[in-house]
Amino acid sequence: MTTSSSSLVLLILLLCTASHTIPTLSSANIEAYPSIPGTQTTTDFSNNGELDLAPVRREVYGGGRIIDISHRYTPDMPSWDSVDGVGQFLWLPKSMKNGSLANNSEMKLPTHTGTHVDAPGHVFDHYFDAGFDVDTLDLDVLNGQALLVDVPRDKNITAEVMKSLNIPRGVRRVLFRTLNTDRRLMFKKEFDTSYVGFMKDGAQWLVDNTDIKLVGIDYLSVAAYDDLIPSHLVLLEDREIILVEGLKLDNVQPGIYSVNCLPLRLLGAEGSPIRCILIK
Ligand SMILES: *[C@@H]1O[C@H](CO)[C@@H](O)[C@H](O)[C@H]1NC(C)=O
Ligand SMILES: *[C@@H]1O[C@H](CO)[C@@H](O)[C@H](O)[C@H]1NC(C)=O
Ligand SMILES: *[C@@H]1O[C@H](CO)[C@@H](O)[C@H](O)[C@H]1NC(C)=O
């Protein structure tokens, strides 16, 4: 989840050479990319009719052994409580076309955009002040054996639903696939409050009756909109559980995988974009 008050701004210079100072984002000398790669067909790369420079964009690698479960960042991906999507987030302030030695992009994103992780400081102000940011998250929790499960499509994740899933003790990482994937909500620009997530009693059941420390889900919040803050509080209070939100779980079989998730080391940020893959 994110709110305007909690959305720290992420500003990153890509391919920035050491001698460059940070350019300011003035509209005069900045032009958006015409489109984000992946939202255009590869044949659009018709640079002087040369079509052989088209890159390959993939969801799986190694003959299907490695599955990318992160979403591609595009202006049309959903943004919390917004009908307009993420919008333009990438600029090219220095471009070779304009005489620079290299192309240097800048981006500006709320940290809870797309596939992302929540740190305890997201909903606990004293944890935020104490420094429990994304840089303090345990990579041992974010990487290891994980179970991908389908949850019933007719309910939010309540205690009753959690119980019915029969997730054995000892399972530490679970990715919950829900109706959100069927509805392709992460591919829709308009934010949808009717997404499926944890109700408070489902979150409490997970904390009390399982060994799950990594909770993954397929829309922007693990908590259902109606229990937004209560569910987050229950899950993050002990600072042991890590929440990964906005996962892309389409076309993956339920079962056991090795999951690998790596957030950015953003000092002071209570959220971060995260790249997650499954390995069979
Ligand atoms: C290049 O510079 C021109 C004019 O100086 C400007 O209109 C254009 O947006 C710039 N293009 C890029 C990609 O920076
Ligand atoms: C960026 O650099 C490449 C060459 O590496 C060039 O072909 C391309 O036109 C440049 N892009 C822009 C927007 O200037
Ligand atoms: C889940 O809860 C949301 C409100 O948070 C509601 O709009 C939605 O209909 C519920 N989904 C299901 C499948 O019950």
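For ligands, and for the atoms within them, numbers begin at 1 and follow the listed sequence. Sequence positions, counted from 1, serve as the residue numbers for this chain.
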Do ligand 3 and Arg153 have nitrogen or oxygen atoms that lie under 3.5 Å from each other?
no

With heavy atoms of Tyr225 as the reference, note each atom of ligand 3 found under 4.0 Å away.
5 (O)

Report yes if some N/O of Ser194 lies less than 3.5 Å from some N/O of ligand 3; otherwise report no.
no

Residue set satisfying salt bridge (charged side-chain N to carboxylate O under 4.0 Å, His left out) with Asp154, at least two apart, ordered chain then number -> none

Using the six-membered ring wherever Trp is involved, compare the ring planes of His112 and His116 and label them parallel, tilted or perpendicular (cut-offs 30° and 60°).
perpendicular

Against heavy atoms of Ala224, which atoms of ligand 3 measure under 4.0 Å?
5 (O)

Less than 4.0 Å between a side-chain N and a carboxylate O, is that true for Asp182 and Arg177?
no

What protein heavy atom lies closest to atom 2 (O) of ligand 3? Include the residue and the distance to one decimal.
Asn156 ND2, 2.2 Å

Within 6.0 Å of CG in Asn251, more than 12 heavy atoms from elsewhere:
no

Enumerate the atoms of ligand 3 whose separation from the nearest heavy atom of Asp154 is less than 4.0 angstrom.
13 (C), 14 (O)

Which protein heavy atom lies closest to atom 5 (O) of ligand 3, and at what distance to 0.1 Å?
Asp226 N, 3.0 Å

So Phe176 and Ile212, do their side chains get closer than 4.5 Å, heavy atoms only?
yes

Centroid-centroid under 6.0 Å between Phe132 and Phe124 rings:
no

Nitrogen or oxygen of Lys155 less than 3.5 angstrom from that of ligand 3
no

